[in-house]
Amino acid sequence: MRDGEPLLRIYYALLKKFGHRGWWPGETRFEVMVGAILTQNTSWRNVEKAIAGLKQRGLLTPRSLATADLGLIENAIRSSGFYKQKAERLKLFAHWLMDKYDGELDLLFAVPLQNLRKELLSLKGIGPETVDSILLYAGNKPVFVIDAYTRRIFWRLGLTKEDAKYDELQEFFESCLPHDVELFKDYHAQIVELGKTYCRKKPLCAGCPLRAICKNSGIGMS
DNA sequence: GTCCAGGGCCTAC
DNA sequence: GTAGGCCATGGA
């Protein structure tokens with residue numbers, strides 16, 4: 001399964017349909033990182049309100065977030081759901097950033113990629129998808145982000161296994177595609193757009209552009 | 001009222 | 001190592 005052509009064809013079909021997505025929304029790298037934690041199993045609309053709440057309270061810097069009262073953070077991000085654990089995770093994350101890198105993201109992202117990935121993964125509440133979103137969208141590292149939509153869509157396309165592990169899926173995409181940060185950024189964004197619009201937990205609906213993409217690309221669908 | 005969202009942790013087996 | 005429960009708000 002090393003033929004990358006289908007993956008590129010699918011990307012260009014999505015690009016044609018949706019246009020460049022311009023991901024990730026966020027004014028600063030730190031805001032992107034915070035958003036990556038807040039959006040865990042949560043719609044972006046609710047995350048936007050939470051980010052606005054943090055911004056309003058001056059909590060969108062590592063230093064201010066690390067030293068903020070937990071209750072203040074909880075109130076700011078309530079709209080994002082799971083707000084107690086997310087508040088704790090945000091604070092722990094900011095604290096770690098201050099302790100280890102003095103809050104300097106340039107220092108953080110200067111760490112060799114695989115070491116950095118392991119280090120972030122060891123933090124509480126930061127799983128593989130969140131780490132890779134941070135690395136790709138805040139750190140501009142060539143890392144492909146796998147999410148529930150990616151898993152669902154590419155399984156339905158017959159290109160991956162239903163029970164494939166995160167690392168297996170990531171290896172598949174990274175080995176098939178050129179390691180281009182902008183491509184990785186927009187591809188993931190396109191997948192999410194497709195997923196949100198057509199491929200929620202239900203079976204593929206009529207009108208899903210995947211059908212046309214498959215037909216034109218000679219890809220079999222389950 | 002029910003389902004789901006741009007996941008991840010903890011516990012049991 | 002993995003299946004299942006839990007976290008919680010807000011929109012469809």
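To find a chain, count down the sequence lines: A is the first, B the second, and so on, and within it residues start at 1.
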Q: Do A:L90 and A:L38 make a side-chain contact, defined as non-hydrogen atoms from C-beta onward lying under 4.5 Å apart?
A: yes

Q: Can you tell me the distance, in whole Å, between the NZ atom of A:K86 and the C1' atom of C:dT9?
A: 9 Å

Q: Can a side chain N or O of A:K196 be found less than 4.0 Å away from OP1 or OP2 on B:dC4?
A: no

Q: What side-chain donor-acceptor pairs closer than 3.5 Å can you find for residues 135-142 of chain A, not counting sequence neighbours?
A:
residue	atom	partner	partner atom	Å
A:Y137	OH	A:K185	O	2.7
A:N140	OD1	A:K185	NZ	2.5
A:K141	NZ	A:F109	O	2.8

Q: What is the distance from atom CZ of A:R21 to atom CD of A:E193, rounded to the nearest 0.5 Å?
A: 4.0 Å

Q: Of A:L8, A:L177, A:L15, which is the lone residue that meets side chain to side chain contact (heavy atoms under 4.5 Å, CB included) with A:Y187?
A: A:L177

Q: Take the protein atom CD1 of A:I191 and the nucleotide atom P of B:dA5, then report the distance between them rounded to whole Å.
A: 15 Å

Q: Which part of the nucleic acid, if any, lies within reach of A:K49 when heavy atoms closer than 4.0 Å are counted: base, sugar-phosphate only, or nothing?
A: sugar-phosphate

Q: Given B:dA5, is OP1 or OP2 found less than 4.0 Å from the side-chain N or O atoms of A:R152?
A: yes

Q: Rounded to the Å, how far apart are A:L194 CG and B:dG6 P?
A: 13 Å

Q: To the nearest angstrom, how far is A:I77 atom CD1 from B:dG7 atom C1'?
A: 14 Å

Q: Roughly how many Å apart are B:dC3 and C:dC6, using the P atom of each and rounding to a whole number?
A: 16 Å

Q: Can A:Y149 be called stacked on B:dA5 when the rule is centres closer than 5.5 Å and an angle between planes below 30°?
A: no

Q: Taking the same atom, P, in B:dG6 and in C:dA12, what whole-Å distance lies between them?
A: 12 Å

Q: Given the C1' atoms of C:dT9 and B:dC10, what is the spacing between them in whole Å?
A: 22 Å

Q: For the pair A:K84 and A:E74, find out whether any cationic side-chain nitrogen is under 4.0 Å from an anionic carboxylate oxygen.
A: no

Q: Please give, in whole Å, the distance from B:dG8 P to A:R89 CZ?
A: 9 Å

Q: Return the value, rounded to whole Å, for the distance between atom CD of A:Q85 and atom P of B:dG8.
A: 11 Å

Q: Among the nucleotides B:dG6, C:dG10, C:dG11, which one has an atom lying closest to any side-chain atom of A:R45?
A: C:dG11

Q: Can you tell me how far P of C:dG11 sits from CG of A:N46, to the nearest Å?
A: 6 Å

Q: Applying side-chain hydrogen bond (donor to acceptor under 3.5 Å, both in side chains) as the test, list every pair that has at least one member in residues 101-112 of chain A; sequence neighbours left out.
A: A:R29-A:D106, A:Y101-A:E119

Q: In whole angstrom, what separates A:D147's CG from B:dC4's C1'?
A: 14 Å

Q: Under the 5.5 Å and 30° test, is A:Y83 stacked on the base of C:dA8?
A: no

Q: In residues 114-124 of chain A, which ones come under 4.0 Å of DNA chain B, going by heavy atoms?
A: A:L123, A:K124

Q: Are the ring centres of A:F154 and A:F173 closer than 6.0 Å?
A: yes

Q: Contacts to DNA chain B from residues 126-137 of chain A, heavy-atom cutoff under 4.0 Å, which residues?
A: A:I126, A:G127, A:P128, A:E129, A:T130

Q: Between the side chains of A:K55 and A:E31, is the shortest nitrogen-to-carboxylate-oxygen separation below 4.0 Å, so that they form an ion pair?
A: yes

Q: Going by side chain to side chain contact (heavy atoms under 4.5 Å, CB included), name the residues that satisfy it together with A:A68, two or more places apart in sequence or in a different chain.
A: A:L59, A:I73

Q: Of the nucleotides B:dG8, C:dC7, B:dG6, which one has an atom closest to the side chain of A:F82?
A: C:dC7

Q: Just grab all the ring-ring contact (aromatic ring centres under 6.0 Å, His included) pairs involving residues 29-53 of chain A, residues at least two apart or on different chains.
A: A:W24-A:W44

